[in-house]
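Written below as C-alpha cells is the structure these notes are about.
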Amino acid sequence: MTPTTVAGVGEIVSFTVLHAAPEGFRSPLNIAVVELEGGARFVCHGAETRGLKIGSSVAIEAIDDVYYFSHLGALERARLFWRRAGHAGDRANAIARSLAKRVWNRGPHAS
Amino acid sequence: MPRSVYVAGAGMTRVGRRSEPLQELMADAAHGALAEAGIERPGMLVVAAMNPEEFLGDGNFASNVATYLGLADTPTIRVETATSSGAAAFYAAFAQVASGLYDSVLVVGGEKMTHLATPKVSEIIGRSIDPYERSYGATMPALAGLITRALLARKLVTPREIAQVAVKNHANAALNPYAHFQQAVTAEEVMESRMVAEPLRLLHCCPISDGAAALVVTAERTPVRVAGVGQGTDTLAVRHRDSLTSFKANRMAARAAFQMAGFGPERVDFAELHDAFAPFELISLEDIGLVPPGKAGRVTLDGETARDGRLPINPSGGLKGRGHPLAATGIAQLVECVWQLTRRVGARQVPGRVALAHSIGGLATNNWITILEAV
C-alpha cells in the first residue's frame, strides 16, 4: 500500500450498494458521490453504509489512489482510529519505501 | 426548406432470448417494414447497432447487414449513440429524406447479447460510462441507483409510485406478442424483488434482450408524418451534473422536438418513454413536460398513464416489459407508435393522433425525442 492521506471531510451527494458488481469488483460494492467543501465531487468506495443518508458528513481518504468514505460519528471515529492504528505497520513500511525511493531518485538518477 | 417526411412501413421481431444471428433478426424486421411500405429497394440503408464488435465479434456492421439483406449496392451507414442508437439512426434517415438526398430510406436496428453472461453484458454496456466513474465499478444500474436514491431523498417520488411503473408496463407487455415478458407483476413482487443497486430492485430494471426493429421513411405521403425530432446531450460524467433528479438531455431534446413540431406537449396523446429503470419514466414524464413538475408519481399511481388513462405511457410494455435490445429499442418504440397511430395493435390499442418516443443514450448523455402525427 502507498501512503494513506486524509483528503478531507465531504458530504454525501448520493450512494448505492451494488449487488451485481462488474468484473474485477467484489459484491456488494458501496459506491458514493461525495462533495468536498468548495464543490469538488469524487466517486468513492466505502466499507459501511448503515445509517448513511444524502447530506451525511463523511471523511474521505485515498488508499492506493482510490478514494474511500467513512462515517464521522463518534463510534465510527473510534473505529477509524483503530483501523488506522491497525495499519500502522503498513504505513511505516510505506513511509520507509517512499523515503527509500526518494533517496534512490536523488542518487544515481539525479540530474 | 426541408421536405415533409413520412413513415411508410414498420417491422420488428419478437424481443427476448433469440437463437438466430443478429443479421437474420435485422433482416426479419427489415423485410417486414419493406413489405408494409411496398418498397423492394430503398434509396439508402441506415443500420443501428450499439456494440456488435464486442457482443458478437463482428465489425464493418453496416456493410455486413446490407450484404445479408441483398442490398450490397445500396448506400449504407451505421449510427451509434450508445443505448439510443436506434433513435439516432432514425434521425439520420429522417434527415436524408428531409434534405432531399433520398426519397426512401430503410432504418434497421438490432442487438444480440443474451448469449453472454450477465456480468459481461453489464460490463460491455458500462463502457458507455465516464472512465473515472467506471474505475470505481459504476455500472448503469449503479448510476441509476444513485439517481433513484436522490429522487426518494428529495421526496419527489415514493417507492410505491416507482413500483407502479413496472406494474403498468408489465401489464401492457402481457398484451404485446412482441414483448420479452408476457406476464403481469404485482407491486409487492416488484418491491420485494432482490436488490440490484440499492434502492433499485431487479423488477425496476429492464431485462437483457435480443431483437431487431425497422422502419421505412419516405418523402411520399403516408398516414404517419414525422412532426419533429430533437436531440439533447450532457456530460459523460454524472457526478458533475447540477441535478441528479432531472436529465438536461431530456429537456433539451424535448425543446428541439416540440419546436420543430410547432406545438407543445399538451398535444401528445400517448408516448413510449425510455424506462430502462422504472424511475426514469417518472423523471422523463416531467422533463419532457408531459406532466407538471412533482406530479409524475401521483399521476402514475392514479392510473392516468395506464392504457385506459388520459395519457397512456409505454403501451408496448416499454423497455421494462417489451425488453431492451439496445440499438433496436429506439426504433421499436417508433414501430409501436406507428402501429398504434394506424390502429393495428389489437387489445393494447390506445386512442390518439400524436405519439412521442423518447430514447436515452448512455446515462442520459445523448437523448432523442421523436414526435409522430397521424395525418
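Computed from heavy atoms alone, side chains included, the values below leave out hydrogens, waters and symmetry copies. First the proteins, then the strands, lettered A, B, ... as listed; each starts at 1.
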### Task
Could you look at Arg134(B) and say if it's the side chain, the backbone, both or neither that has a heavy atom under 4.5 Å from chain A?
backbone
## Note on the structure
So, the part of Thr148(B) with a heavy atom under 4.5 Å from chain A: the answer is neither
Between [X] and [Y], which heavy-atom pair has the shortest distance, and what is it?
{"X": "Leu18(A)", "Y": "Gly137(B)", "result": "CD2-O, 3.5 Å"}
{"X": "Thr16(A)", "Y": "Leu146(B)", "result": "N-CD2, 3.7 Å"}
{"X": "His240(B)", "Y": "Arg41(A)", "result": "CE1-O, 4.4 Å"}
{"X": "Ala153(B)", "Y": "Ile54(A)", "result": "CB-CD1, 3.6 Å"}

### Query
Do side-chain atoms of Tyr136(B) reach the backbone of Tyr67(A) as a donor and acceptor pair under 3.5 angstrom?
yes
### Task
With a 4.5 angstrom heavy-atom cut-off, could you sort out which part of Ile31(A) is near chain B: side chain, backbone, both or neither?
both
### Query
Considering only heavy atoms, which portion of Phe25(A) lies under 4.5 Å from any heavy atom of chain B: side chain, backbone, both, or neither?
side chain
### Query
Could you go step by step and tell me if Arg239(B) and Val13(A) meet the side-chain contact (heavy atoms from CB on, under 4.5 Å) rule?
CA-CA 9 Å; Arg239(B) 67 188 183 284; Val13(A) 175; over 6 Å; no
### Message
Given Ser14(A), which partner from the list Leu143(B), Leu152(B), Leu244(B) fulfils the side-chain contact (heavy atoms from CB on, under 4.5 Å) test?
### Response
Leu244(B)
### Query
With respect to chain B, which residue among Ser27(A), Cys44(A), Ala40(A) yields the maximal number of heavy-atom pairs within a distance under 4.5 Å?
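Option with the top pair count is Cys44(A).
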Among [options], which residue has the highest count of heavy-atom pairs closer than 4.5 Å to chain A?
{"options": "Val238(B), Thr139(B), Val196(B)", "answer": "Val196(B)"}
{"options": "Glu133(B), Glu123(B), Met195(B)", "answer": "Met195(B)"}
{"options": "Pro141(B), Ala237(B), Ala142(B)", "answer": "Ala142(B)"}

### Query
What is the distance from atom CZ of Arg149(B) to atom CG of Leu52(A), rounded to the nearest 0.5 Å?
8.0 Å
### Task
Hey, could you give me the NE2/CG distance between His19(A) and Leu200(B), rounded to the nearest 0.5 Å?
11.0 Å
